[in-house]
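Each remark here refers to the structure printed beneath this line.
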Amino acid sequence: MIGPRLNQIRHWLKNISLLILSLGLLPLTTLICLASLIINRITPSTAEKRRNAARQKSPFQPKTILVTGVGMSKGLAIARSFYEAGHNVIGADFSSLACGRVSTSLSKYFTLRKPDAVRGSGAYIQDILRLVEAEDVDLWCSCSGVASAVEDGEVKEILEARTKCKAIQFNVTTTQLLHEKHSFIKHTQSIGLTVPETHEITSLDAVERALRQAPKDRKFIMKPTGMDDTHRGDMTLLPKATDKETKRHLETLSISAKCPWILQQYIKGPEYCTHALVINGAVKLFTSLPSAELLMHYAALQVDCKLDRALLEFTQKFAARAGSGFTGHLSFDFMVEEHQMDGEHSIREDADLILYPIECNPRAHTAVVLFNSTPEMAAAYLSILDAPNPTNDQNGHAENEGRVDLPIRPRLQDKYYWIGHDLVELVLQPLFAPLLLRPNNSFTDLARKLSLFFEHLVHWRDGTFERRDPLPLWWLYHVYWPMQFWMSLRTGQKWSRINVSTTKMFAC
Ligand SMILES: *[C@@H]1O[C@H](CO)[C@@H](O)[C@H](O)[C@H]1NC(C)=O
Ligand SMILES: *[C@@H]1O[C@H](CO)[C@@H](O)[C@H](O)[C@H]1NC(C)=O
Ligand SMILES: *[C@@H]1O[C@H](CO)[C@@H](O)[C@H](O)[C@H]1NC(C)=O
């Protein structure tokens, strides 16, 4: 174990070195941004031309769209897409330093008050409602993080009841149903789709009973129901070799009615995730990709390969059976059993493909950046404005089952990375790890990481940077993150990892 003193030194070193890194790279990023701005002046980008062309078309009616969550790459990607389609985009987020605020795609930016335990959700809901009324917003595209999932459901219900504004967001009941792991699995099973064996656990006895009753060669893992970060990624397989060991492990988990867990069948095999936009039960936009616990590299599966088709089919069935008015961003995590796989990301042709959904996120997934060069994305969202009102449409459900609209897919097979993440993980950490008291580095490992970094730099695309709109990147790495590191130094709040795409800091 590392002593508290060493930990403190590490905390300072980490924050100070990242501050120095940001300062050191400031001239370079500034130069790149200026160059981009100048080039944009001389030759407008295709996206800019597309916007102008769209606005000049004669019956074109620009809509006003509110995108929340523009401090994150996913919100930014959606905002840019609406801008390029010719619409007026208003952005909002919880931080006054959100990188989206400097994007040229936004005509205005607002800082929202974050729902928290003291204030509740009232202030947040009021902020959005006022914004929608003052700016005469036609469509609210909710792209928030997990922290305001249920509040967003409340906002949707109030907005649609009181204003003409439509929302890309599920209602409260649906959001809760999908968000919570156990209710999601139960619901999925009830609509006739395959699920892994799952139990909700509130006591030690219950785990032991479930394990005793399960088929003999089946293994399980325990996951916290809520957003407990400390136990994320704990992949201990249960039952262990002996009952005693199993019991000892379970006792470390503090299982109780107040702190429920789920016990889920373990499936050995690769993990995939999907992102979809669903409007009234119809999937309008879809992509699928290989997933991992820490996902910072995004590459879509080949459109229409056997696995991609199966993932889309699952999503379509799920959405169609959810009832009318089922509108929002929908993303799933799946496991695919290993014996069905034939090498990396391709399915054996003769295999009976069984997908095991393990989680659902009723919100936008960062994979939405894969649609960056797909101008049809904005139209997919706006189709909600022409949709008949689901509450007046008794037959909406039946109609959607039979409809065979093909969803929009990413047009280009671009792969995405985040330069800040890769720079630290693939270059600085391997180079300076010995200084950070982790002397464990082989030369081949270093070489592999460096070559990976250069491959990303040359062939992949950054999730934040656009030549047309370079300032958010500059702001993210030279204002937003330095301020976070500075605050961390001042308040002494330690962090273990950060997510540059969602700008989330994991405390420890
Ligand atoms: C960053 O956030 C995205 C979206 O929530 C998530 O999929 C990804 O795993 C996170 N990455 C890390 C390194 O935490
Ligand atoms: C919430 O949405 C679901 C379908 O998405 C619908 O069946 C349900 O009636 C809605 N609930 C409320 C309270 O509006
Ligand atoms: C050191 O590196 C090796 C191989 O790269 C790895 O297997 C091992 O787990 C590492 N040890 C620590 C303490 O990180």
Side-chain angles (χ1 to χ4, degrees), residues 68 78 115 120-122 124-126 128-129 132 137-144 146 148-193 195 274-286 311-333 357 359-365 368 380-405 407:
T68 48
I78 293 174
S121 55
Y124 173 65
I125 295 174
Q126 231 173 44
I128 296 199
L129 198 60
V132 164
V137 171
D138 298 298
L139 175 66
W140 169 49
C141 206
S142 155
C143 204
S144 325
V146 55
S148 60
V150 174
E151 288 79 1
D152 284 341
E154 291 177 45
V155 174
K156 174 215 168 78
E157 290 178 7
I158 296 175
L159 272 188
E160 292 195 339
R162 291 204 203 152
T163 70
K164 65 167 187 27
C165 176
K166 293 279 171 100
I168 302 292
Q169 168 67 41
F170 298 112
N171 63 23
V172 177
T173 339
T174 306
T175 305
Q176 275 168 337
L177 176 83
L178 300 181
H179 173 74
E180 213 267 295
K181 292 179 190 107
H182 190 244
S183 58
F184 160 65
I185 296 285
K186 257 192 2 212
H187 171 76
T188 309
Q189 191 170 23
S190 77
I191 58 174
L193 297 168
V195 294
T274 59
H275 165 81
L277 165 68
V278 179
I279 291 177
N280 288 330
V283 176
K284 296 290 184 178
L285 191 87
F286 180 82
L311 293 166
L312 171 60
E313 208 170 286
F314 177 96
T315 307
Q316 283 175 322
K317 280 185 188 157
F318 189 96
R321 292 174 193 177
S324 66
F326 189 70
T327 294
H329 291 118
L330 184 63
S331 98
F332 297 110
D333 290 342
E359 256 177 60
C360 174
N361 294 306
R363 54 184 171 273
H365 190 286
V368 71
Y381 278 98
L382 288 167
S383 66
I384 191 178
L385 299 180
D386 322 320
N389 197 347
T391 46
N392 303 335
D393 175 14
Q394 298 296 319
N395 300 323
H397 180 174
E399 227 169 75
N400 288 335
E401 277 272 17
R403 211 149 68 194
V404 282
D405 272 2

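Along the sequence shown, residues carry numbers from 1. Counting convention: from 1, in listed order, for ligands and their atoms alike.
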- Item | atom 3 (C) of ligand 2 [closest protein heavy-atom partner, distance rounded to 0.1 Å] | Thr174 OG1, 3.6 Å

- Item | Main-chain N/O of Asn280 paired with Thr327 side-chain donor or acceptor, under 3.5 Å | yes

- Nearest heavy atom to atom 8 (C) of ligand 2: which of Asn171, Thr173, Leu178, Thr327 does it belong to? Asn171

- Going by the order shown, which atoms of ligand 2 are within less than 4.0 Å of some heavy atom of Ala322? 4 (C)

- His329/His365 aromatic ring centres below 6.0 Å: no

- Message: With the threshold set at under 4.0 angstrom, would you say Ser324 reaches ligand 2 through any of its heavy atoms?
- Response: yes

- Verify the contact flag for atom 14 (O) of ligand 2, where contact means a protein heavy atom under 4.0 Å away. yes

- Any donor-acceptor N or O pair under 3.5 Å, side chains Glu151, Ser121: no

- Query: Is a side-chain donor or acceptor of Lys284 paired with a backbone partner of Ile279 at a separation under 3.5 angstrom?
  - Reply: no

- Report, in ascending order of atom number, the atoms of ligand 2 lying under 4.0 Å from any heavy atom of Gly325. 5 (O)

- Can you tell me how far NZ of Lys186 sits from NZ of Lys181, rounded to the nearest 0.5 angstrom? 15.5 Å

